[in-house]
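Residue numbers begin at 1 in each chain, while the letters A, B, ... track the order of the sequences. Predicted, not measured: the structure shown is a model, and the values here were computed from it.
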There are 2 protein chains.
Amino acid sequence: MDDGSAPQKGTVTQRAIERIKAMIGEGRLEPGQRLPTERDLAAQLGISRSSMREAIRALTVLGVLEARHGSGIYVTRLEAGDLLETFGVVADLSRGPQLVELLEIRRVLESTATALAAARITADQLAEVEKHLTAMNATDDPEEILAHDLAFHREIAAAAGNETMAAILEGLSSRTFRARVWRGYQEEGAFARTRREHAAIHRALVARDPEAARAAAAAHVGEVEEWLRAQLGP
Amino acid sequence: MDDGSAPQKGTVTQRAIERIKAMIGEGRLEPGQRLPTERDLAAQLGISRSSMREAIRALTVLGVLEARHGSGIYVTRLEAGDLLETFGVVADLSRGPQLVELLEIRRVLESTATALAAARITADQLAEVEKHLTAMNATDDPEEILAHDLAFHREIAAAAGNETMAAILEGLSSRTFRARVWRGYQEEGAFARTRREHAAIHRALVARDPEAARAAAAAHVGEVEEWLRAQLGP
DNA sequence: GACCCATAGTGGTCCGACCACTCTGATGGT
DNA sequence: ACCATCAGAGTGGTCGGACCACTATGGGTC
């Protein structure tokens, strides 16, 4: 007799994670749907509540599940923002050459997103971009500048119409990541250059010129990339 | 008196995750280094072993830690491959319009990687690419074709010299992802077209022509992208 | 010197209890 | 009949302890 627990590969928790992931992949669990209780789930898979909790915690951190205290466990909407939140961890824990690689990726994606935005951005979205551009130029507080800088690019990424790309870029621009790289970059008086580059991006958006937008965004990220590369070299 | 446990935001497990992440970010824990035992860690943070285990499990799934039964808990190398393994989950759980967005991202990254590879690929790497190309054309078994197809692009991504980009592309080409999309795509007799496109990519690599390589790769992914878009439309 | 194995130490699993929070339905007043 | 209130059940969160499975180490044996 096969009781269905034949394989026995890996830890029981790992197997539980795969089982739940499979249930979602096969459509047996829909986005937003509520799961059985931890106790029931554990009983169904024949494992202890402790092990099941570890599996649930892992999937929670991955943005697949969401646990609401006192209410239950739910599948997230499974949208880009939910699943790619963990992408920020990569940016936060990367160092040295890996940071350059991440900036290289950001350059490629950011320039593409900016080009798409130039073709698709609405008047309202453009107004929002301008708001952050002027606010960024109206203060000398590095913290505030950084916040508006992030919002500036976030608005553009949103206007590109690819939520997944926007979510990845969000992770590649996470607060801690930017703070670590930009701290040194802007100490070299790069504020003026940054403002010029942002202005160029904005002009391209207003002109609805995708190629100009792509070039401006690539140059913008490329500047930081080259600076960081030089920092690591010698 | 402040006992240092003032904040109390979120669950204790979540706080433990942040603490360990911070330790790594601050360099107090180096890649490959061994951590204290679960029991010691729990005591240090003043939480139960159960909660600490959930934190460790979460970081294990994220590719930050690695638990070796009977030996101890270690920090991974923190390289792109380790941290981006979870990226495959996104591809596996995405559906509908989100799949198109992922293919759009793959088109951008794959074309960039292929262009870089055209400029940097070594003779050995090129030979490996050719091996998979011929093997792919020498069989009719869809499974085998898929395997060599994946390896073909994997070699090219590796030759591009950006490990992080290669790791992301790996996630975007995970077995289950490709299987889901390509099943339908190739049922329409797309084998011939796929072979032509792969040949074009290979020619560009041999000619060391980055722009031709970029175009060929973009067209290759774009074909699948358009097909999928059409599938979802009506 | 090489091999083997008892042993201590570590992560993996399970259990049971209790706490903190949420939701619901019965209660009582208007 | 309606609504505000609140006690109870149900759920996730935390804890402590026990035992199992595996690894690594060092001493003993040949």
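For the pair Arg34(A) CZ and dT22(C) P, the computed distance is 14 Å after rounding to whole Å. For His69(A) and dC23(C), the NE2 to P distance is 11 Å, given to the nearest whole Å. For the pair Arg53(A) CZ and dG12(C) P, the computed distance is 17 Å after rounding to whole Å.
Residue whose closest nucleotide on DNA chain C sits further toward the 5' end, between Gly72(B) and Gly46(A): Gly72(B). Taking for each of Ser71(A) and Gly70(B) the nucleotide of DNA chain D with the nearest heavy atom, the 5'-most of the two is the partner of Ser71(A).
Using a distance-only test at 3.5 Å, with no hydrogens or angles considered, a donor-acceptor pair links the side chain of Gln125(B) to the main chain of Thr122(B).
Using a 4.0 Å heavy-atom criterion, one finds that Ile56(B) contacts no nucleic acid atom at all. Residue-level contact check: Ser50(A) touches the bases, meaning some heavy atom is under 4.0 Å from a base atom. Across all strands shown, Arg39(A) has heavy atoms under 4.0 Å from base atoms, whether or not it also approaches the sugar-phosphate.
Arg77(A) and Glu66(A) are not joined by a salt bridge, as no carboxylate oxygen comes within less than 4.0 angstrom of a charged side-chain nitrogen. Looking at Arg15(B) and Glu18(B), no side-chain N of the basic residue comes within less than 4.0 Å of a carboxylate O on the acidic one, giving no salt bridge.
Under 4.0 angstrom from either OP1 or OP2 of dC14(C) there lies at least one side-chain N or O belonging to Ser48(A).
For residues 163-184 of chain B, the set of pairs meeting the ring-ring contact (aromatic ring centres under 6.0 Å, His included) definition, not counting sequence neighbours, comprises Trp182(B)-Tyr185(B).
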Worked verdict on Phe152(B) versus Val129(B) for side chain to side chain contact (heavy atoms under 4.5 Å, CB included): CA-CA 5 Å; Phe152(B) 176 82; Val129(B) 170; 3.4 Å; yes
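Note on ring orientation: taking the six-membered ring where Trp is involved, the planes of His198(B) and His153(B) are perpendicular (angle over 60°, cut-offs 30° and 60°).
Listed nucleotides dT10(C), dC23(C), dT13(C) differ in distance to Ser51(A); the shortest reach to its side chain belongs to dT13(C).
For DNA chain D, the outermost nucleotides in 5' to 3' order that have an atom under 4.0 Å from a heavy atom of chain A are dG10(D) to dT14(D).
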